[in-house]
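Here's the structure, in structure tokens; my notes come after.
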Protein chains: 2
Amino acid sequence: MEPSSPEVAAAPALPVESGLHARVLEHLGTAICGGELAPGSVLNIDELVDRYAVSRSVVREVLRVLASIGFIEARRRVGVMIRPASAWNVFDPQVIRWRLASAGRMAQLRSITELRTAVEPHAAFLAASRIGRDEASDLVGLAAKMWAAGEAGDEERFLHLDIEFHRRVLLASGNEMFVRLQDLVAEVLTGRHKHHLMPHHPHEQALQMHADVAQAIQRRDGERARQAMVQLMEQAFDEMKSLWEQTAPPHRSA
Amino acid sequence: MEPSSPEVAAAPALPVESGLHARVLEHLGTAICGGELAPGSVLNIDELVDRYAVSRSVVREVLRVLASIGFIEARRRVGVMIRPASAWNVFDPQVIRWRLASAGRMAQLRSITELRTAVEPHAAFLAASRIGRDEASDLVGLAAKMWAAGEAGDEERFLHLDIEFHRRVLLASGNEMFVRLQDLVAEVLTGRHKHHLMPHHPHEQALQMHADVAQAIQRRDGERARQAMVQLMEQAFDEMKSLWEQTAPPHRSA
DNA sequence: AGATGCAAATGATATGATCTTTGGGTGGAA
DNA sequence: TTCCACCCAAAGATCATATCATTTGCATCT
């Protein structure tokens with residue numbers, strides 16, 4: 001086994017969270033994200049106790065969590081009211097997971113892609129001045145492996161390397177908030193893959209740009225790293241755009 | 001009352017949330033953010049029941065919420081373990097509030113400022129293509145009021161206008177995730193103000209740049225809007241930098 | 001019409017019991 | 001001695017029930 005080589009970390013793969021609390025939370029969260037429970041509609045605790053055949057404790061704990069992410073608001077004498085999407089904590093990983101599994105999936109992908117477009121170039125810029133020697137070497141190595149996988153047409157491997165590459169850039173940015181976006185990026189890339197948006201062989205340009213980003217970061221050239229990442233984002237954005245233009249209608253109000 | 005003029009919206013000012021749940025949550029959240037409860041240390045429910053003199057219902061509901069933001073992990077036969085900061089949902093508004101009130105305040109301000117630097121320029125770019133006619137007019141008007149307040153040396157009013165300006169740009173970006181960052185921006189600006197980082201009279205340049213951003217957005221010139229916002233961010237970043245260089249030591253590991 | 005007060009509805013909190021999981025100890029086998 | 005299967009008590013998870021507190025609709029009073 002390679003000692004400290006830039007290998008692909010296996011996805012954590014959360015263990016399905018059994019337990020009544022998790023089950024009810026999952027069900028309600030999905031229902032709200034999916035619009036099955038429209039904003040403004042009202043539930044009450046006893047009703048939920050019956051519907052899910054669990055105790056009040058479980059229901060109340062779930063409701064507290066839902067309230068903390070802005071999904072609901074409990075009011076005495078009224079019940080539990082579903083709040084509009086504008087109140088949701090759209091950065092909560094759970095919310096993102098639920099939305100990616102719902103009908104609003106394309107809207108979510110679009111939001112995240114725009115966020116990436118804003119954040120990743122700056123992350124690359126910061127990484128150039130904060131990354132350690134070894135990490136920089138690994139990054140360059142990772143870009144090389146991506147090139148190899150791309151040439152070989154190994155889409156699966158390319159995807160994992162791609163995720164790992166962006167993950168490491170965010171990590172090297174040294175900003176805790178950027179770091180937390182790595183899961184979102186992984187989701188977007190995986191989503192893109194699942195919809196066969198990955199061109200059969202990744203664009204030659206994309207491969208080169210990953211290499212450029214890595215090299216610029218290693219050379220501590222923040223501006224060049226940013227520029228290269230911007231180009232990467234533009235390409236990724238175009239691919240995404242074709243995705244949601246084919247799936248979703250135009251898009252919302254604007 | 002002015003019909004639809006770009007007036008400053010009064011801050012919502014959350015109503016202090018009384019109730020046992022809120023009190024205990026607040027206390028524990030603050031303690032964890034403040035490092036009084038170190039990662040790895042273990043609590044147990046009955047202990048908390050005693051310490052806060054509340055029922056288990058309340059404690060359990062609080063723990064569920066804390067678990068959902070990654071602060072703790074409950075394990076049978078062990079107790080409730082405090083998780084390391086790397087597991088926290090650093091985008092959760094509550095977490096941000098707690099951290100801004102803790103010793104890690106400067107680190108939090110730094111993270112958010114970097115995030116702003118990444119996001120706001122892109123938000124301005126997107127706003128240029130998505131903003132409505134009236135909103136654009138309001139934005140320009142707001143920049144004009146900022147100029148007036150700056151000239152008059154009315155720091156208080158300038159702060160509110162500044163917050164409102166950035167809020168509207170994020171809103172006009174049409175990206176739900178960007179919109180959710182408005183509270184963070186408000187926190188940063190307020191924090192800067194409280195530490196007397198606002199130069200007595202705002203820099204002439206800053207005033208001009210706000211006007212540039214507004215105008216570029218109205219003219220639907222995304223690139224120019226982005227550029228102007230980048231300059232604004234650079235200046236804001238410099239001000240912040242002097243703030244945390246005077247308060248915090250160097251900064252962490254890197 | 002408007003103020004006032006009562007009472008039902010519903011969430012908030014308290015309490016005690018039982019179920020389930022699991023870390024650690026124990027004893028026997030290799 | 002070392003290791004592993006097994007057992008038990010500790011602590012969270014869930015349940016059931018009771019009481020408290022607040023809000024709101026409505027009837028009543030002025």
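For the numbers below, each heavy atom of this structure counts, side chains included, while hydrogens, waters and symmetry mates do not. Note that the structure is a prediction, hence the values are computed from the model and not measured. Numbers restart at 1 for each chain; the letters A, B, ... are given by sequence-line order, proteins then strands.
If A:Arg76 and B:Arg56 are placed on DNA chain C by their nearest nucleotide, the residue sitting closer to the 5' end is A:Arg76. Between A:Gly79 and A:Ser57, it is A:Gly79 whose nearest contact on DNA chain C lies nearer the 5' terminus.
Atom CE of B:Met81 and atom P of D:dG12 are 12 Å apart (whole Å). When the P atom of D:dA16 is taken as reference, atom CD1 of A:Ile45 falls 16 Å away, rounded to whole Å. Atom CG of B:Asp46 is separated from atom P of D:dA13 by 12 Å (rounded to the nearest Å). For B:Glu61 and D:dA13, the CD to P distance is 13 Å, given to the nearest whole Å. Going from atom CG of B:Leu20 over to atom P of D:dT22 covers 11 Å, rounded to whole Å.
For the residue pair A:Glu114/B:His122, the side-chain donor-acceptor check at 3.5 Å is not satisfied.
Within 4.0 Å (heavy atoms only), B:Arg75 reaches sugar-phosphate atoms of the nucleic acid but no base atom.
Phosphate proximity of D:dT14 to B:Arg60: absent, as no side-chain N or O sits under 4.0 Å from OP1 or OP2.
Between A:Glu135 and A:Arg168, none of the side-chain N atoms (NZ, or NE/NH1/NH2) sits under 4.0 Å from a carboxylate O, so this pair counts as no salt bridge.
First and last contacts of DNA chain C with chain B, using any nucleotide atom under 4.0 Å from a protein heavy atom and ordered 5' to 3', fall at C:dT13 to C:dG23.
Of the candidates D:dG12, D:dC15, D:dA10, the closest approach to any side-chain atom of B:Arg77 belongs to D:dA10.
One finds the CG atom of B:Leu66 at 8.5 Å from the CD atom of B:Gln94 (value rounded to the nearest 0.5 Å). Rounding to the nearest 0.5 angstrom, the gap separating the CD1 atom in A:Ile163 from the CG atom in A:Leu159 is 4.0 Å.
In this structure the side chain of B:Lys145 never reaches within 4.5 angstrom of the side chain of B:Glu164, judged on heavy atoms.
Here B:Phe71 pairs with B:Trp88, B:Trp98 under the ring pair (Phe, Tyr, Trp, His ring centres under 6.0 Å) rule; sequence neighbours left out.
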